[in-house]
> 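Just passing along the structure, written as structure tokens.
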Amino acid sequence: MMIDDLKPTAGSISQLLAERAFKKLRLIFKDIEAADLSEILAQLDIVSCIVLIRLIPKDRRAEVFSYLPFEHQAKLLDHLPDLVSASLLNQMETVDRTHLLQNLPFEIREKLILKLHPEEMQITWQMLSYKPSSVGRLMNPEFFSIPSGMSVHDALAAIRWSGSRVPENLLNQIFVVDPQGKLLGHVNLSSLVLADPATILVDELMEKQLVTLLVTDDRRKAVDVFRKYDRPYIPVLNTEGWMLGVIEAEDVFDVAEEEATYDIQAFGGLSRLQDAYFQTTLLQLFRKRGSWLLAIFIVSMLSSAILQNMFREINGPGLMLLFLPMVLSAGGMAGSQSAALTMRGLAVREILGGDIWRLLRRELIVGVGLGLVLGGLGFLYAHYVESLDGPFAFMFALLVGVTVVIGIFLGAILPFIMQRFRLDPAISSAPVIATVMDILGLLLLMFFTLMWFQGLVQGSP
């Protein structure tokens, strides 16, 4: 079967690029959906993306670019010629451009804003002046309004004359404002079309019952309002009631997804990650996860202390059982964190099937670091707090470190295995990972205890 007969994939696009089949690529890029094309580009290296994005029709580049992950967007803007990057930024929708720029360092952001047309530059600075968590950052300043007192005939003429500057989906409801720009109500486009254009005024068709948001409202309020009223877009006002723009449902859905992401991360025992997984540095992953792991590990010391107090007469190999709560909590928590990150990434396609080795490499690096920290803390507790011999404390520290690494490895790979067998990755949720790690942790404890008992690890407590 020829490549032309197949749905384009990252592999087929790479092959055509290697063959320098630029004409075929242009034909493919002309018809393929922008979201599908951006998904393909996201799987390719940045050098290939630079070549391919210039083969996309000019009127589609900005749309495809807006779907790319932030990491790819930032790299492309850094490597593309100024003329191409400026064109992309100017053609992007205001909300998408604001979202991109707000995540860039200030120096780079300022440099890119200076490439914009004067009108776009002014709009961008205005958008960035609102608080990051406010409705203003999500607002689209492009909307269509007509003054009150206008006839239906004049309103339709105004729409035909000036409506092309506004996205078509924002013309279903026409907003009616007073001479100062204060919002009075809205009229449906269908009502205007069906009304007698010569005798009826817009005010007679206008609906005054409005659902609105303030530009200073928290974006979480916008999620609640859209969920309640189920509108495609809602007008945004300032405190005086003047209309500044509209907020669209698709942008609020992104906020809802982010909030759900934070909930998933919290459920998995993680501090909030501000960026996508692969955009988060290893050091940030270590810090965000390490704080929770340390807290749980320290609390689990209380369980071990209680067991130590209750079973003072236990000695020899059985003493290791008193440290079992610390081992199991460390492994279960580490695995749950990794599973939560992986499941969320797969769900929103920030992590793809081909990313498994890249993910495992990052997770194992973080796992080794966390294992060393928790293992070191375990050694200090066993040796200095419980006054146990150095070799025994070292064996316990090694057990904690190995359990953490295995927990993170399982948490990262199990969602991929579930997906491979067409099962829901959520099956490998935190409780499942914790249960598996309880079993493996106990087996590891028995193995290490057997090693110590047989003299492979010298010394006794």
Side-chain angles (χ1 to χ4, degrees), residues 1-105 107-117 120 124 275-281 345 348-359 361-362:
M1 186 177 290
M2 300 297 291
I3 289 177
D4 307 59
D5 300 328
L6 299 172
K7 182 180 179 180
T9 63
S12 63
I13 295 297
S14 295
Q15 181 180 339
L16 289 173
L17 181 61
E19 296 172 356
R20 303 180 65 82
F22 299 141
K23 186 176 181 179
K24 288 184 180 179
L25 288 169
R26 286 192 178 96
L27 290 174
I28 292 173
F29 294 167
K30 184 179 179 181
D31 299 324
I32 189 174
E33 287 288 338
D36 292 333
L37 180 52
S38 66
E39 185 177 310
I40 290 173
L41 294 179
Q43 301 176 54
L44 302 177
D45 61 88
I46 197 65
V47 176
S48 298
C49 287
I50 292 171
V51 177
L52 292 172
I53 203 164
R54 302 187 71 171
L55 299 176
I56 301 172
K58 290 183 179 180
D59 59 344
R60 303 196 68 203
R61 286 179 187 173
E63 184 183 6
V64 173
F65 182 79
S66 65
Y67 280 107
L68 287 172
F70 170 78
E71 182 182 24
H72 267 65
Q73 289 179 332
K75 288 181 179 179
L76 281 172
L77 289 176
D78 188 43
H79 290 85
L80 286 171
D82 287 348
L83 188 63
V84 178
S85 60
S87 175
L88 285 173
L89 289 171
N90 278 302
Q91 293 177 27
M92 288 181 73
E93 292 188 8
T94 304
V95 176
D96 294 330
R97 184 172 60 226
T98 303
H99 183 71
L100 166 62
L101 293 173
Q102 72 182 3
N103 292 315
L104 294 172
E107 297 79 8
I108 299 176
R109 181 196 313 167
E110 188 174 26
K111 178 183 176 183
L112 292 173
I113 292 176
L114 292 175
K115 296 180 180 180
L116 298 174
H117 298 318
E120 299 295 336
T124 300
D275 301 316
Y277 177 80
F278 287 117
Q279 297 164 22
T280 305
T281 65
V348 300
R349 302 190 66 79
E350 284 180 358
I351 298 173
L352 303 174
D355 294 325
I356 181 170
W357 300 115
R358 183 184 177 195
L359 174 78
R361 182 170 62 251
R362 286 169 61 89

> Evaluate Ile56 against Leu52 for side chain to side chain contact (heavy atoms under 4.5 Å, CB included), listing each step before the verdict.
CA-CA 7 Å; Ile56 301 172; Leu52 292 172; 5.9 Å; no
> Can you list every salt bridge (charged side-chain N to carboxylate O under 4.0 Å, His left out) pair that touches residues 56-69, not counting sequence neighbours?
none
> Please name the pair of heavy atoms, one in Gln73 and one in Phe65, separated by the smallest distance, quoted to 0.1 Å.
NE2-O, 2.7 Å
> Show the nearest heavy-atom pair for residues Arg109 and Leu101, with the distance to one decimal.
NE-O, 3.1 Å
> State whether Lys24 and Glu19 are salt-bridged, where the test is any N-O pair (Lys NZ or Arg NE/NH1/NH2 against Asp/Glu carboxylate O) under 4.0 Å.
no
> How about Leu83: does its CG atom have over 12 heavy atoms from other parts shown lying under 6.0 Å from it?
no
> Measure from the side-chain N and O atoms of Asp45 to the backbone N and O of Ser48, and report whether any donor-acceptor pair falls under 3.5 Å.
yes
> Answer yes or no: is there a side-chain heavy-atom contact under 4.5 Å between Ile53 and Val64?
no
> Answer yes or no: is there a side-chain heavy-atom contact under 4.5 Å between Ile108 and Leu77?
no
> Let me confirm one number: the CG-CZ distance from Leu359 to Arg361, rounded to the nearest 0.5 Å.
9.5 Å
> Is atom CD of Gln102 surrounded by more than 12 heavy atoms (other residues, nucleotides or ligands) closer than 6.0 Å?
yes
> Nearest 0.5 angstrom please: Leu88 CG to Leu76 CG, how far?
8.0 Å
> Among Cys49, Ser14, Pro8, whose side chain to side chain contact (heavy atoms under 4.5 Å, CB included) with Ile40 holds?
Pro8
> Does Phe22 reach the side chain of Leu17, with side-chain heavy atoms less than 4.5 Å apart?
yes
> Would you sort out whether Leu104 and Phe70 count as a side chain to side chain contact (heavy atoms under 4.5 Å, CB included), showing the intermediate values?
CA-CA 9 Å; Leu104 294 172; Phe70 170 78; 3.6 Å; yes
> Would you say CZ of Arg54 has more than 12 non-hydrogen atoms from neighbouring residues, nucleotides or ligands within 6.0 angstrom?
no
> Leu89 versus Thr124: any side-chain heavy-atom pair under 4.5 Å?
no
> To the nearest 0.5 Å, how far apart are CG in Leu100 and CG in Leu68?
10.5 Å
> Can you see which heavy atom on Pro57 is nearest to which on Phe29, and at what distance?
CD-O, 4.0 Å
> Any heavy-atom pair between the side chains of Glu93 and Ser66 that's under 4.5 Å?
no
> Looking only at heavy atoms, what is the nearest atom pair of Asn90 and Leu116, with distance?
OD1-CA, 3.5 Å
> For the atom pair CG (Leu41) and CD1 (Ile50), what is the distance rounded to the nearest 0.5 Å?
11.5 Å
> Would you confirm whether His72, through its side chain, and Leu44, through its main-chain N or O, come within 3.5 Å as a donor-acceptor pair?
yes
> Hey, could you give me the CG/CD1 distance between Leu25 and Ile32, rounded to the nearest 0.5 Å?
10.5 Å
> Among all residues two or more places apart in sequence or in another chain, which pass the side-chain contact (heavy atoms from CB on, under 4.5 Å) test with Ser87?
Gln91
> Supply the atom-to-atom distance Glu120 CD to Met92 CE, rounded to the nearest 0.5 angstrom.
11.5 Å
